[in-house]
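Structure record follows, encoded as structure tokens.
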Amino acid sequence: MELQRFEQEVMSAQETRQWAATAFPALMRKVYVWMALALVITGFTAYGVANSPAILQMIVSSKVLFFGIIIGELALVWGVSAAIGRLSLTTATLLFVLYSVLNGVTMSFIFLAYTAESITSVFLITAGTFAAMALFGYFTKADLSSMGRILFMALIGLIVATIVNIFMKSSGLAMILNYVGVLIFVGLTAWDTQKIKQMLLEAPDAGETAQKVALMGALTLYLDFINLFIHLLRILGNSRN
């Protein structure tokens with residue numbers, strides 16, 4: 001019995017090493033490939049809409065359309081997150097693509113507010129910062145779960161303060177919130193990376209369930225990147241006016 005148990009433990013350890021050496025890296029690559037494709041879709045959509053006066057005029061002239069797009073974005077994120085277990089991988093991927101397009105539409109206005117040079121430079125700064133924190137989250141041996149809980153609560157506070165400032169219209173508070181936002185999403189990038197890594201390592205195989213975990217990981221990191229970029233752009237971007 002002891003010999004049989006020992007053989008089972010050895011086989012289990014071998015399977016774990018094989019999983020970590022083959023399937024797991026492939027799933028992690030998919031996380032970043034899906035995230036990168038979503039960023040490309042958002043970028044091209046934003047640039048295309050910004051250079052289409054007809055589409056811009058249609059969005060600006062219709063509050064129903066504008067807020068409909070924003071509500072649609074929120075509904076997609078919440079819907080995909082809540083129903084990922086019931087959705088097929090194909091459906092979840094298409095919804096992720098649709099969200100990337102809608103987000104590109106709303107982000108098109110940054111091309112009207114900021115110079116192209118500052119958008120490019122801030123994007124590169126964001127990419128470098130994101131990569132550094134993602135690498136930290138992936139390779140660190142420290143458990144970042146406690147930091148993640150604090151950051152999540154801070155994010156809720158940031159959202160509430162941002163909504164309040166819509167009515168207060170304080171430029172000073174807005175700038176403070178941007179700096180706070182940068183710190184929050186820098187930390188969330190590291191925490192989310194570690195969390196995604198742990199979830200994929202615990203996946204029994206590289207089947208559809210694990211693929212959907214990777215897709216949700218891509219969506220999470222995409223949101224971290226976009227929010228980090230927006231806050232940095234508000235701090236470092238050069239206005240067209």
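All of these numbers come straight from a predicted model, not from anything done at the bench.
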- Donor + acceptor pair across side chains of Gln194, Thr140 (<3.5 Å): no

- Query: If you round to the nearest 0.5 Å, how far is CG of Leu155 from CG of Leu151?
  - Reply: 8.5 Å

- Item | Donor-acceptor pair, side chain of Ser81 and main chain of Val77, under 3.5 angstrom | yes

- Message: Counting C-beta onward and ignoring hydrogens, is there a side-chain heavy-atom pair between Met216 and Val80 closer than 4.5 Å?
- Response: yes

- Message: Is it true that, when you exclude Met199 itself, more than 12 heavy atoms of the residues, nucleotides or ligands shown sit nearer than 6.0 Å to its CE?
- Response: no

- Please answer: with hydrophobic residues joined when any side-chain heavy atoms are less than 4.5 Å apart, are Val164 and Ile159 in the same cluster? yes

- Check the pair Thr42, Tyr222 against side chain to side chain donor-acceptor pair (under 3.5 Å), reporting the backbone distance first and the verdict last. CA-CA 10 Å; Thr42 297; Tyr222 166 87; 2.5 Å; yes

- Task: May I ask you to check whether Thr129 and Thr126 show a side-chain donor-acceptor distance below 3.5 Å?
- Result: no

- Query: Considering residues, nucleotides and ligands other than Phe44, do more than 12 of their heavy atoms fall under 6.0 Å from its CZ?
  - Reply: no

- So, do Phe123 and Phe225 have ring centers that fall under 6.0 Å from each other? yes

- Query: Can you tell if the side chain of Tyr138 reaches within under 4.5 Å of the side chain of Ile196, non-hydrogen atoms only?
  - Reply: no

- Item | Minimal non-hydrogen separation, Leu158 against Leu177, with atom names | CD1-O, 3.5 Å

- Message: Could you tell me if the side chain of Phe109 sits less than 4.5 Å from the side chain of Leu56, heavy atoms only?
- Response: yes

- Task: Check for a donor-acceptor pair, side chain of Asn165 on one end and backbone N or O of Ala161 on the other, with a separation under 3.5 Å.
- Result: no

- At what distance, to the nearest 0.5 angstrom, does CD1 of Ile55 lie from OG of Ser108? 9.0 Å

- Message: Do Ile69 and Glu73 have side chains that approach each other closer than 4.5 Å (heavy atoms only, starting at C-beta)?
- Response: yes

- Message: Please say yes or no: joined through hydrophobic side-chain contacts below 4.5 Å, possibly via intermediate residues, are Phe111 and Val40 part of one cluster?
- Response: no

- Output, in order, the C-alpha distance, side-chain angles, deciding distance and verdict of side chain to side chain contact (heavy atoms under 4.5 Å, CB included) for Phe185 and Leu223. CA-CA 9 Å; Phe185 286 104; Leu223 292 172; over 6 Å; no

- Query: Is there a donor-acceptor pair under 3.5 Å between the side chain of Ser62 and the backbone N or O of Ile59?
  - Reply: no

- Message: Are the side chains of Leu37 and Val97 in contact, using a 4.5 Å heavy-atom criterion?
- Response: no

- Item | Distance in Å, Met168 CE paired with Ile163 CD1, rounded so as to fall on 0.5 Å steps | 14.0 Å

- Query: With a cut-off of 6.0 Å (strictly less than), are more than 12 heavy atoms of other residues, nucleotides or ligands near OH of Tyr47?
  - Reply: no

- Message: I'd like to know whether Ile184 forms a side chain to side chain contact (heavy atoms under 4.5 Å, CB included) with Val180, so could you lay out the CA-CA distance, the side-chain angles of the two residues, the decisive distance to 0.1 Å, and finally the verdict.
- Response: CA-CA 6 Å; Ile184 289 174; Val180 172; 3.7 Å; yes

- Message: Within the structure provided, determine whether Thr189 and Phe136 are in side-chain contact (heavy-atom separation under 4.5 Å).
- Response: no

- Which value, rounded to the nearest 0.5 Å, describes the distance between Met175 atom CE and His231 atom NE2? 11.5 Å

- Item | Single-linkage hydrophobic cluster, 4.5 Å side-chain cutoff, Ile226 and Ile125 together | yes

- Nearest heavy-atom pair of Ala218 and Val31: which atoms, and what distance? CB-O, 3.2 Å

- Please tell me if the side chains of Met35 and Phe130 come closer than 4.5 Å, counting only heavy atoms from C-beta onward. yes

- Item | Nearest heavy-atom neighbours spanning Met28 and Leu200 | SD-CD1, 3.5 Å

- OH of Tyr179 to CZ of Arg234: how many Å apart, nearest 0.5 Å? 13.5 Å

- side chain to side chain contact (heavy atoms under 4.5 Å, CB included) between Leu215 and Leu219: does it pass, once the steps are laid out? CA-CA 6 Å; Leu215 182 66; Leu219 174 59; over 6 Å; no

- Task: Verify, without hydrogens or angle tests, whether Ser121 (side chain) and Ser118 (backbone) share a donor-acceptor contact under 3.5 angstrom.
- Result: yes

- Query: Is there a path from Leu183 to Ile235 through hydrophobic residues (I, L, V, M, F, W, Y) whose side chains come within less than 4.5 Å of each other?
  - Reply: no

- Can you hop from Val64 to Phe66 via hydrophobic side chains spaced under 4.5 Å? no

- If every non-hydrogen atom of Ile110 is compared with every non-hydrogen atom of Ile119, which pair is closest and at what distance? O-CD1, 3.5 Å

- Task: Please answer whether the main-chain N or O of Gln211 pairs with a side-chain N or O of Lys30 as donor and acceptor at a distance below 3.5 Å.
- Result: no

- Task: Considering non-hydrogen atoms only, spot the tightest contact between Ile230 and Met107 and give its length.
- Result: CG1-CE, 4.2 Å

- Looking at side-chain heavy atoms only, is the closest gap between Thr106 and Leu102 below 4.5 Å? no

- Task: First locate atom CE of Met133, then atom CG of Leu221, and finally report the distance between them rounded to the nearest 0.5 Å.
- Result: 12.5 Å

- Query: What heavy-atom pair brings Ala210 and Leu27 nearest, and what distance separates the two atoms?
  - Reply: CB-CD1, 3.9 Å

